[in-house]
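Counting begins at 1 with the first residue of the sequence.
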Amino acid sequence: MATLQNIRSKGPLLVIVIGLALFAFIAGDAWKVMQPHQAHDVGEVNGDALSAQEYQNLVEEYTEVVKLMRGVNALNDEQTNQVRDEVWRSYVNNKLIEKEAKALGLTVSTAEIQDILKAGVHPLLRQTPFQNPQTGNFDKDMLNKFLVEYAKMNESQMPTQYAEQYNNMYKYWSFIQKTLIQSRLAEKYQALVAKALLSNPVEAQDAFDARVNQYNVLLAGIPYSSVVDSTIVVKESELKELYNKKKEQFKQYQETRDIKYIDVQVTASPEDRAAIQKEVDEATAQLATTTDDYTSFIRSVGSDVPYVDLFYNKTAFPSDVVARLDSASVGAVYGPYYNGADNTINSFKIVAKAAVADSVEFRQIQVYVEDALKTKTLADSIYNAIKDGANFVELAKKYGQTGDSNWLTAAQYEGAQIDGDNLKFISAINNTGVNELVNLPMGQANVILQVTNKKAVKDKYKVAVVKREVEFSKETYNRAYNDFSQFIAANPSVEKMVANAEEAGYRLLDRADLNSSEHGIGGVRGTKEALRWAFDKAEPGEVSGLYECGESDHMMVVGLVSIKPEGYRSLKSVQDQLRAEIVKDKKAEKIMADMKSANATSFDQYKSMTNAVSDSLKMVTFAAPAYVSALRSSEPLVGAYASVAEMNKLSTPIKGNAGVFVLQVYGKDKLNETFDAKTEEATLANMHAR
């Protein structure tokens, strides 16, 4: 149990390490998985196809590992989508590297993996529970002990809970072992590529100069915004010419959809809020008189924050409660009050406050035989033997366990739903003194528990929190549903929906280039069916039915505007982008012509031109684009010009991102750094590798 808790405490970091470093598990196109009734391949890389069944099996395997690491029984839709996305990326990367590695003759040997296990410093290994408590590194001996225990495990002679934990641990290690091989292959290939990307002394000197040479510059310019758009004429032939020039930029590799949609979020009415306020007022009055069984009471009033009879750090409670704890006293009720951050009405009571250790070291012997009476008898025997001086570790080994010490920290259980045997187990650890021994009944088993150390004593709290979200009632939802249904029925086409949405009080939203691999629409959960409709059933101009989505608080309707097929986008679909570029170029030409006709020869003359703006820029370098606040734009050409300009010499007009400007360098400085070619080359090589 302690080992499993150790895994869970490291869950988020381990997920990140696995996601970034490993390419071992496979996923497919999330959209195609929405159609399990069809037999098809979900993806193909380098000619290797992945069937839907293979995909599903491997995603389920990876999902089980993630659930174990996070300490949950199930993943929600968003988490499942994240898993699918991650394993698909992993599949693609793995297949690409696999092909290149094979061509280069790169392999990973068994001896190589054994060396990695022996060293124990690989990022993945360092996040496992098989760590030496003194060094903090992966301990191969601890792993071997677990594998021996697992091999000898007799599931019929131990509680189901413990057998399941051991099986999950073994699956977890199998996952680590499998992904470690793939990770090592990727590391070797990436190292080979990185070592092939070299720098040289010339590049090193240029990079050094670009960074350390700094310039002070005067700038005067005329922004493009000063020229009225309506004065610029763009011809159809100009659009076609630019389109043909940039056509490759407009190639898309899969079909997409342009849609319009309305997302209605149902909120509580004033009557709903008043009803919840009344319930919280009544619960607050009862909380003031409650003196025991806060767990049942808090559950009975429907609070979003369950009460756990453990001392918690202040930060473990909701932030609005934390902000008010110092203003409350033990035994008194604070509230009710409204918290806008989570739309809740709240009150709370500090049940107790005490100085409690934040970390407790303990060791245990789990005792279980064929029936409860024999289990108790054996547990009593072991307990009394240790009380009389028997060696704890030796007795643990006698019954097939290590007796090693583990640390339990508050971070491992704060914020989790804890009850039953888990609550009893954690309470016993926290309440037992150092070197004290406890014989703890746990369901069908007993645990002989001994606390060996405690540290990091802090002020902690037991707080009973009444937190009720201001939710809409069924009547409010039905009213919103009926109104929206009537609107959809009266506007069955995109044209009518666009014409009448605003008048009906609905906000019409646009989404261009909706992709079938996405998991929803508009960032709203539970919109898979709307997405399916857009790609499976809809024709341009049609409007969907009403979809109930979100956390049962959203309703959505979707209208399909157009289908963009795979291939080159049409001129019509990108003409606004092209027009904006042509308009900018023509404005630049007009401004440059005006500057030329003004016959300006000094900085002050340019500065005094109509619509001109000016700025003084300091510490400009070639290595980074300068931000010109007067133009409200980043202008890379400022640094480029300054690096080669003569001191106090005015430049000719320069076409920039946000306007046409002239520059005059009036100062030059150099950072107090010494050039080291080897250091610069190493930095550049690392940058190229990334």
Side-chain angles (χ1 to χ4, degrees), residues 206-207 209-211 213-235 238-251 512-513 569 571 573-598 600 602-646 648-668 687:
D206 286 345
D209 293 341
R211 188 179 72 255
N213 291 330
Q214 298 183 338
Y215 310 91
N216 297 331
V217 182
L218 295 176
L219 178 147
I222 298 177
Y224 298 135
S225 58
S226 64
V227 180
V228 180
D229 286 356
S230 60
T231 63
I232 304 298
V233 177
V234 178
K235 299 178 181 178
E238 292 173 319
L239 288 171
K240 289 180 179 179
E241 182 181 358
L242 186 58
Y243 172 79
N244 290 329
K245 182 180 178 180
K246 295 192 168 189
K247 189 173 181 179
E248 289 303 318
Q249 297 181 17
F250 307 129
K251 188 175 183 179
D513 295 318
R569 297 192 178 189
L571 171 60
S573 67
V574 298
Q575 65 180 359
D576 289 343
Q577 174 187 339
L578 297 174
R579 187 183 303 277
E581 186 173 341
I582 294 172
V583 166
K584 184 175 115 172
D585 289 344
K586 290 195 171 188
K587 285 184 177 182
E589 292 173 4
K590 183 178 186 306
I591 293 171
M592 285 181 165
D594 291 344
M595 286 181 169
K596 184 177 181 179
S597 62
S602 69
F603 182 82
D604 287 338
Q605 287 176 322
Y606 278 107
K607 183 179 176 181
S608 62
M609 290 183 65
T610 304
N611 297 319
V613 296
S614 62
D615 211 336
S616 178
L617 310 175
K618 295 183 178 180
M619 295 184 290
V620 173
T621 69
F622 182 82
Y627 180 78
V628 182
S629 57
L631 293 174
R632 299 179 181 178
S633 171
S634 177
E635 298 290 351
L637 291 180
V638 172
Y641 174 84
S643 67
V644 297
E646 294 182 29
N648 295 315
K649 183 178 179 180
L650 187 67
S651 74
T652 56
I654 299 169
K655 174 186 171 183
N657 287 335
V660 176
F661 51 81
V662 294
L663 303 172
Q664 185 171 310
V665 177
Y666 69 89
K668 181 177 180 180
M687 181 181 70

Return the [atom1] to [atom2] distance between [X] and [Y], rounded to the nearest 0.5 Å.
| X | Y | atom1 | atom2 | answer |
| --- | --- | --- | --- | --- |
| Leu219 | Leu617 | CG | CG | 6.0 Å |
| Gln664 | Asn648 | CD | CG | 5.5 Å |
| Leu631 | Asn657 | CG | CG | 9.5 Å |
| Arg569 | Tyr243 | CZ | OH | 10.5 Å |

Can you see which heavy atom on Ala640 is nearest to which on Phe622, and at what distance?
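Shortest heavy-atom separation between Ala640 and Phe622 comes out as CA-CD1, 3.7 Å.
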
Which atoms form the tightest heavy-atom contact between Ile222 and Ala612, and what is the distance?
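For Ile222 versus Ala612, the nearest heavy atoms are CG1-CA, 4.0 Å.
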
The criterion is salt bridge (charged side-chain N to carboxylate O under 4.0 Å, His left out); which residues satisfy it with Glu589, sequence neighbours excluded?
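Salt bridge (charged side-chain N to carboxylate O under 4.0 Å, His left out) list for Glu589, sorted by chain: empty.
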
Output yes when Lys586 and Glu238 qualify as a salt bridge under the 4.0 Å nitrogen-oxygen rule, no when they do not.
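Counted as a salt bridge, because a side-chain N and a carboxylate O are separated by less than 4.0 Å.
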
Would Ser643 and Asn213 count as having a side-chain donor-acceptor pair, cut-off 3.5 Å?
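No donor-acceptor contact under 3.5 Å links the two side chains.
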
Side chains of [X] and [Y] in contact at under 4.5 Å (non-hydrogen atoms):
| X | Y | value |
| --- | --- | --- |
| Glu248 | Lys251 | yes |
| Lys587 | Asp229 | yes |
| Tyr641 | Val217 | no |

Can you confirm whether more than 12 heavy atoms, excluding those of Lys590, are under 6.0 Å from its NZ atom?
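It does not: Lys590 NZ has 12 such atoms or fewer within range.
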
